[in-house]
Amino acid sequence: MPKTPQDILKMIQDEKIKIIDLKFIDMPGIWQHCSFYYDQIDESSFIDGVPFDGSSIRGWKAINESDMSMVPDPNTAWIDPFMQEKTLSMICSIKEPRTGEWYSRDPRSIAKKAVEFLASTGLGDMVYIGPEAEFFVFDDVRFDQTENKGYYYVDSVEGRWNSGREEAGGNLGYKPGYKQGYFPVAPTDTLQDMRTEMLLTMAQCGVPIEKHHHEVATGGQNELGFRFAPLIQAADYLMTYKYVIKNVAKKYGKTVTFMPKPLFNDNGSGMHTHQSIWKGEQPLFWGDGYANLSKMALHYIGGLIKHAPALLALTNPTTNSYKRLVPGFEAPVNLAYSQGNRSASIRIPLSGTNPKAKRLEFRCPDATCNPYLAFAAMLCAGIDGIRNEIDPGEPLDVDIYDLSPEELSKIPSTPGSLEGALSSLEKDHTFLTDTGVFTEDFIHNWIEYKLYNEVNPMRLRPHPYEFALYYDC
């Protein structure tokens with residue numbers, strides 16, 4: 001049931017809640033928060049927002065124009081299960097207090113504009129998004145980088161590399177093999193109870209839960225599933241998902257990472273993203289084309305494929321993202337579509353004869369992305385494909401590993417680095433800005449931020465493996 005500001009204020013009073021925690025997302029995609037005594041929140045807070053200093057938020061305001069307002073969405077309210085004092089949590093969008101306009105660099109506001117743009121085209125009135133975010137659970141993580149040293153170390157009781165380790169009480173040997181971690185039962189799967197608590201805690205926070213399971217890689221790779229939702233709600237759910245998983249893991253003395261490739265030589269973590277457009281309660285991706293897709297769905301795919309090199313600057317926005325996007329690890333590196341080929345960037349999941357289940361799955365993204373930006377950008381690319389009737393080409397239904405080098409060379413692939421994706425975004429972003437969803441200022445700021453804070457710092461630092469390669473040259 002949708003909630004109103006009056007519902008929230010009554011809830012605060014009835015349940016004697018003293019602390020209100022307002023959460024919002026920064027540009028790179030990390031939740032920030034500030035907690036307020038309950039009497040600081042009234043009906044005007046849901047219209048004008050609650051003021052705060054935005055100058056220290058990454059990628060946002062300069063110090064001379066730092067005043068901003070966070071506007072809570074009453075439909076995102078839940079009691080935070082990790083706080084000692086009963087605390088009501090709400091997710092916010094950001095306003096410019098002087099103009100009353102939504103802030104053009106606020107990711108959640110950008111997502112709102114994407115949904116409004118879809119409605120304005122008349123093509124549809126709802127886009128559903130279903131993200132599947134994978135993650136690793138580790139028992140120990142250490143890393144450091146100084147002028148004279150640089151290293152990382154991660155460990156998991158499930159790691160196959162520990163099959164010969166002496167362990168307290170004896171090493172029982174139940175360690176998933178490399179690329180053999182999919183769906184094992186206990187005792188090989190040691191994380192069942194923790195994942196169950198994660199899933200049920202998500203439900204307490206309003207996320208419509210579905211399932212949980214172990215994933216392919218050794219060393220504690222997992223996935224929890226929640227039901228698809230309208231675009232903004234799906235992004236809200238994903239941020240709640242990450243918050244809950246990390247905090248439940250901490251309770252168990254473990255740590256979670258959504259890094260796409262924290263382990264060498266095993267599968268990385270992606271975030272396959274299901275999507276479909278509806279209008280007037282009617283699904284528009286069902287039709288009589290390939291895999292029962294409509295012309296609209298095929299053109300949407302055409303837009304994703306055409307703009308994928310630029311899209312990945314937002315859906316795969318870290319240098320680590322491109323250590324996952326390499327052939328041989330079920331990685332979706334081929335810019336093509338298919339009913340079953342998991343190395344294709346777009347897969348058409350089985351939906352039987354149910355038109356409402358017809359959707360496509362963009363397999364490139366990973367959960368280091370800012371979901372509001374990633375989902376909005378994918379929608380803009382798809383709409384561009386529909387409006388310009390972009391042909392996605394022939395589907396890729398052959399075994400990619402059986403193709404000759406000559407045949408492979410004809411299939412476009414994803415960029416090989418974040419720098420390559422950012423370069424593509426610089427050249428190809430009118431599908432984002434001509435819509436009014438993203439501004440030129442945002443795109444320029446995003447590229448500059450990523451180059452200055454991530455790409456260039458990585459360039460400056462020697463990699464540990466370079467010593468193995470070159471020290472004795």
Side-chain angles (χ1 to χ4, degrees), residues 1-26 30-54 57 68-95 97 100 102-103 106-109 111-112 115-116 126 128-129 131 196-210 224-248 250-251 371-372:
M1 290 283 294
K3 301 184 184 76
T4 66
Q6 293 79 13
D7 293 333
I8 300 302
L9 295 174
K10 185 174 186 301
M11 178 184 177
I12 291 169
Q13 185 177 37
D14 291 349
E15 300 195 25
K16 297 181 172 55
I17 296 169
K18 295 179 181 177
I19 300 296
I20 316 298
D21 194 61
L22 300 185
K23 298 177 173 69
F24 64 93
I25 194 167
D26 67 8
I30 305 297
W31 253 355
Q32 311 296 318
H33 79 127
C34 187
S35 296
F36 297 88
Y37 193 55
Y38 76 96
D39 66 3
Q40 299 299 298
I41 306 298
D42 57 25
E43 282 194 42
S44 69
S45 304
F46 296 88
I47 301 170
D48 302 322
V50 181
F52 73 103
D53 178 2
I57 305 301
M68 308 191 81
S69 293
M70 57 179 98
V71 183
D73 182 343
N75 290 299
T76 64
W78 39 270
I79 301 298
D80 195 311
F82 304 107
M83 303 295 180
Q84 210 167 24
E85 176 66 38
K86 194 171 189 178
T87 299
L88 182 69
S89 171
M90 287 185 284
I91 302 172
C92 300
S93 299
I94 306 301
K95 264 187 178 178
W102 297 110
Y103 181 38
D106 169 39
R108 200 167 186 269
S109 298
K112 286 181 182 179
V115 175
E116 290 165 359
M126 182 70 71
Y128 287 106
I129 301 289
T196 294
E197 184 169 337
M198 289 172 171
L199 194 74
L200 298 180
T201 304
M202 281 165 52
Q204 290 176 37
C205 299
V207 179
I209 59 174
E210 288 189 338
L224 277 66
F226 60 86
R227 186 174 171 78
F228 65 88
L231 187 149
I232 296 166
Q233 203 169 34
D236 290 343
Y237 289 159
L238 182 63
M239 294 307 297
T240 305
Y241 174 102
K242 295 175 80 170
Y243 179 74
V244 167
I245 286 170
K246 289 178 180 179
N247 279 285
V248 171
K250 184 173 181 290
K251 174 182 169 182
Y372 302 96

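- The shortest distance between side-chain heavy atoms of Leu238 and Tyr372 does not fall below 4.5 Å.
- Qualifying side-chain hydrogen bond (donor to acceptor under 3.5 Å, both in side chains) partners for Tyr237, counting only residues two or more places apart in sequence or in other chains: Gln233.
- Contact check for Met11 versus Lys3: no side-chain heavy atoms found under the 4.5 Å cut-off.
- Within the structure, salt bridge (charged side-chain N to carboxylate O under 4.0 Å, His left out) pairs that include any residue of residues 30-41 do not occur (at least two apart or interchain).
- Relative orientation of the Tyr128 and Phe228 rings is perpendicular, given thresholds of 30° and 60° on the angle between their planes.
- We find the CD-CD1 distance between Gln40 and Ile20 to be 10.5 Å, quoted to the nearest 0.5 Å.
- With a 4.5 Å cut-off on side-chain heavy atoms, Phe46 and Thr4 do not count as touching.
- Heavy atoms only, all atoms of each residue included: Gly49 and Val71 are closest at CA-CG2, 3.7 Å.
- Expressed to the nearest 0.5 Å, how far CG of Asp236 lies from CG of Leu231 amounts to 10.0 Å.
- By the 6.0 Å contact criterion, CD on Glu85 is enclosed, its count of non-hydrogen atoms from other residues, nucleotides or ligands being greater than 12.
- Every ring-ring contact (aromatic ring centres under 6.0 Å, His included) that Tyr103 has, sequence neighbours left out, goes to Trp60.
- At a threshold of 4.5 Å between non-hydrogen side-chain atoms, the residues Phe82 and Val244 count as touching.
- Considering only residues two or more places apart in sequence or on other chains, Glu210 meets the side-chain hydrogen bond (donor to acceptor under 3.5 Å, both in side chains) condition with none of them.
- Taking every heavy atom of both residues into account, Pro81 and Cys205 meet most closely at CD-SG, 3.7 Å.
- Applying the side-chain contact (heavy atoms from CB on, under 4.5 Å) criterion to Lys86, with sequence neighbours excluded, gives Glu15, Ile17, Ile79.
- Under the rule for a side-chain hydrogen bond (donor to acceptor under 3.5 Å, both in side chains), the partners of Tyr243 that lie at least two apart in sequence or sit in another chain are Asp80.
- A salt bridge does not link Asp106 with Lys95: none of the charged nitrogens is closer than 4.0 Å to a carboxylate oxygen.
- Not a single side-chain hydrogen bond (donor to acceptor under 3.5 Å, both in side chains) links Thr76 to another residue, sequence neighbours left out.
- Remark: Ile41 CD1 to Ile19 CD1 distance equals 10.5 Å, nearest 0.5 Å.
- Here the side chains of Met83 and Ser89 are not in contact, with every heavy-atom distance at 4.5 Å or above.
- Legend: residues meeting salt bridge (Lys or Arg N to Asp or Glu O under 4.0 Å) with Lys250, ordered by chain and number and at least two apart, are absent.
- Crowding of Lys112 atom NZ: a count of heavy atoms from other residues, nucleotides or ligands under 6.0 Å exceeding 12.
- Note that CD1 of Ile8 and CG of Asp42 are 13.5 Å apart. Values are rounded to the nearest 0.5 Å.
- Ile57 has its side chain within reach of Phe24: a pair of non-hydrogen atoms, C-beta onward, lies under 4.5 Å apart.
- In this structure, CE in Met239 is found 6.0 Å from CH2 in Trp31, a value given to the nearest 0.5 Å.
- Looking at residues two or more places apart in sequence or on another chain, you find no salt bridge (Lys or Arg N to Asp or Glu O under 4.0 Å) involving Glu43.
- Listed by first and then second residue, the salt bridge (charged side-chain N to carboxylate O under 4.0 Å, His left out) pairs that reach into residues 239-248 come to none, sequence neighbours excluded.
- Counting only heavy atoms from C-beta outward, the side chains of Leu224 and Tyr241 approach each other to under 4.5 Å.
- Judged as a salt bridge (Lys or Arg N to Asp or Glu O under 4.0 Å), and not counting sequence neighbours, the contacts of Asp21 are Lys23.
- Here the closest heavy-atom approach between residue Gly54 and residue Met68 is recorded as CA-SD, 3.9 Å.
- One finds the CD1 atom of Ile209 at 13.0 Å from the CZ atom of Arg227 (value rounded to the nearest 0.5 Å).
- Side-chain contact between Ile94 and Arg108 is absent, with no heavy atoms from C-beta onward closer than 4.5 Å.
- Checked against side-chain contact (heavy atoms from CB on, under 4.5 Å), Ile47 has no partners two or more places apart in sequence or in another chain.
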Could you go step by step and tell me if Thr240 and Trp78 meet the side chain to side chain contact (heavy atoms under 4.5 Å, CB included) rule? CA-CA 10 Å; Thr240 305; Trp78 39 270; 3.9 Å; yes
